[in-house]
There are 2 protein chains.
Amino acid sequence: MKRAKHRSDCPTNFTLEILGDSWSLLIIRDLAFKGKSYYGDFLDSDEKISTNILANRLNMLEVERIIKKTQDPNKKSKIIYRLTNKGLDLLPTLIEATLWGAKYYPKHNAPKKFIIRARDNRVEFIKEIRTKLKGKI
Amino acid sequence: MKRAKHRSDCPTNFTLEILGDSWSLLIIRDLAFKGKSYYGDFLDSDEKISTNILANRLNMLEVERIIKKTQDPNKKSKIIYRLTNKGLDLLPTLIEATLWGAKYYPKHNAPKKFIIRARDNRVEFIKEIRTKLKGKI
DNA sequence: CTGTATCCTTAGGGATACTG
DNA sequence: CAGTATCCCTAAGGATACAG
């Protein structure tokens, strides 16, 4: 929630200070790849994040302007989470991390088509996801 | 040091279970970008990792076969750390994370040339680093 | 449904001293 | 130089109950 001073001025370090934990990027994965938008959706993911951690990470990501909250136009009580442009700029990092995981964890359950397309058609793949999600913004 | 069971079979999650902390990728950065090879070199980095954490992470990365230890041929007492092929496969992830950091942290101290080349000539850039480091393996 | 709040346990990590 | 070991504190995080 608070991060007073940077450990260094290295850009790699900067990214790690924001995303260097084992939960933040999973939320971004849910938003980017799984089409999730609601608090309950994130809670339901396979990794079973607990509610206090989820709330904490959503706050941090919002403070960093990686995600933003909006009201569901239909149901006023529902809150929608979306990636900002800054968040969408994490797609390449997210994809590379996923491809590395897929390569060295053969038992993974991601669709083969997804992996192959991300790997062999990277630029178009990213563009496609961007425009799909941008439509919602 | 021990990681009994995976939280899920998602490849993104797999990567995060190994590298989802704020130190591991910095060591890989030192190996990949800064030409560092020795324990003391890692200790000296700007982020000031403490010695117990460094030793812990080096062990984890070795267990995961992302790095490997060898003896310095000249000085028998010296130990050299190198990236394995699996570790070199993290270059894309590392670079994308760094580019994102560079974009949103304008005060970063990475050489402009480095960032521009990584961004605009990504494939060749990765190939270049690979062959340079492979020469040492 | 979207969180907060609390309790409690473990893991992360800084500082520092020490060893072959 | 390349670690180990210890001390000690804080942050992370699981479980669960509760609230608007």
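Order of the sequence lines fixes the chain letters, A, B, ..., with proteins taken first and strands second; residue numbering starts at 1 for each chain.
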Nearest-Å distance, [atom1] ([X]) to [atom2] ([N])?
X        : N       : atom1 : atom2 : answer
Lys36(B) : dA2(D)  : NZ    : P     : 13 Å
Leu54(A) : dG3(C)  : CG    : P     : 8 Å
Ile67(B) : dA2(D)  : CD1   : P     : 13 Å
Leu19(B) : dG12(C) : CG    : C1'   : 17 Å
Glu17(B) : dA12(D) : CD    : P     : 18 Å
Asn56(B) : dT6(D)  : CG    : C1'   : 15 Å
Leu16(A) : dG13(C) : CG    : C1'   : 16 Å
Asn59(B) : dG3(D)  : CG    : P     : 9 Å

**Message:** What contact category does Phe42(B) fall into here, base, sugar-phosphate, or nothing, at under 4.0 angstrom with non-hydrogen atoms?
**Reply:**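 It contacts nothing in the nucleic acid.
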**Request:** Output the distance between atom CD1 (Ile66(B)) and atom CG (Leu58(B)), rounded to the nearest 0.5 Å.
**Result:**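 If I round to the nearest 0.5 Å, the distance is 11.5 Å.
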**Prompt:** Leu91(A) and Phe125(A): side chain to side chain contact (heavy atoms under 4.5 Å, CB included), yes or no, with the steps?
**Reply:** CA-CA 10 Å; Leu91(A) 280 172; Phe125(A) 186 68; over 6 Å; no
**Message:** Looking at Lys78(B), I'd like to know whether one of its side-chain N or O atoms comes within less than 4.0 Å of OP1 or OP2 on dG3(D).
**Reply:**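 It does not, given that no N or O in the side chain of Lys78(B) lies less than 4.0 Å from OP1 or OP2 of dG3(D).
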**Prompt:** Quick one: is dG3(D) close enough that its OP1 or OP2 comes under 4.0 Å of any side-chain N or O from Tyr81(B)?
**Reply:**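 The answer is yes; a side-chain N or O of Tyr81(B) sits under 4.0 Å from OP1 or OP2.
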**Message:** side chain to side chain contact (heavy atoms under 4.5 Å, CB included), that's the test. Do Asn85(B) and Arg130(B) meet it? Break it down for me.
**Reply:** CA-CA 9 Å; Asn85(B) 283 318; Arg130(B) 279 194 87 99; 4.1 Å; yes
**Request:** Tell me whether the centres of the aromatic rings in Tyr81(B) and Tyr39(B) are closer together than 6.0 Å.
**Result:**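 So the answer is no for these two rings.
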**Message:** If we ignore hydrogens and angles and just use 3.5 Å, is the side chain of Ser8(B) paired with the main-chain N or O of Asp46(A) as donor and acceptor?
**Reply:**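 Between the backbone of Asp46(A) and the side chain of Ser8(B) there is no qualifying donor-acceptor contact (under 3.5 Å).
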**Request:** Using the side chain to side chain contact (heavy atoms under 4.5 Å, CB included) rule, take Leu54(B) and Trp23(B) through it: C-alpha gap first, then chi angles, then the decisive distance, then the call.
**Result:** CA-CA 8 Å; Leu54(B) 176 58; Trp23(B) 293 112; over 6 Å; no
**Fill in**
Whether each nucleotide of nucleotides 13-20 of chain D has a protein heavy atom under 4.0 Å at its base (B), only at its sugar-phosphate (S) or at neither (-) is summarised, 5' to 3', as BBBB----
**Message:** Between Lys34(A) and Ser45(A), is there a side-chain donor-acceptor contact under 3.5 Å, judged purely by atom types and distance?
**Reply:**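 No, no side-chain donor-acceptor pair sits under 3.5 Å.
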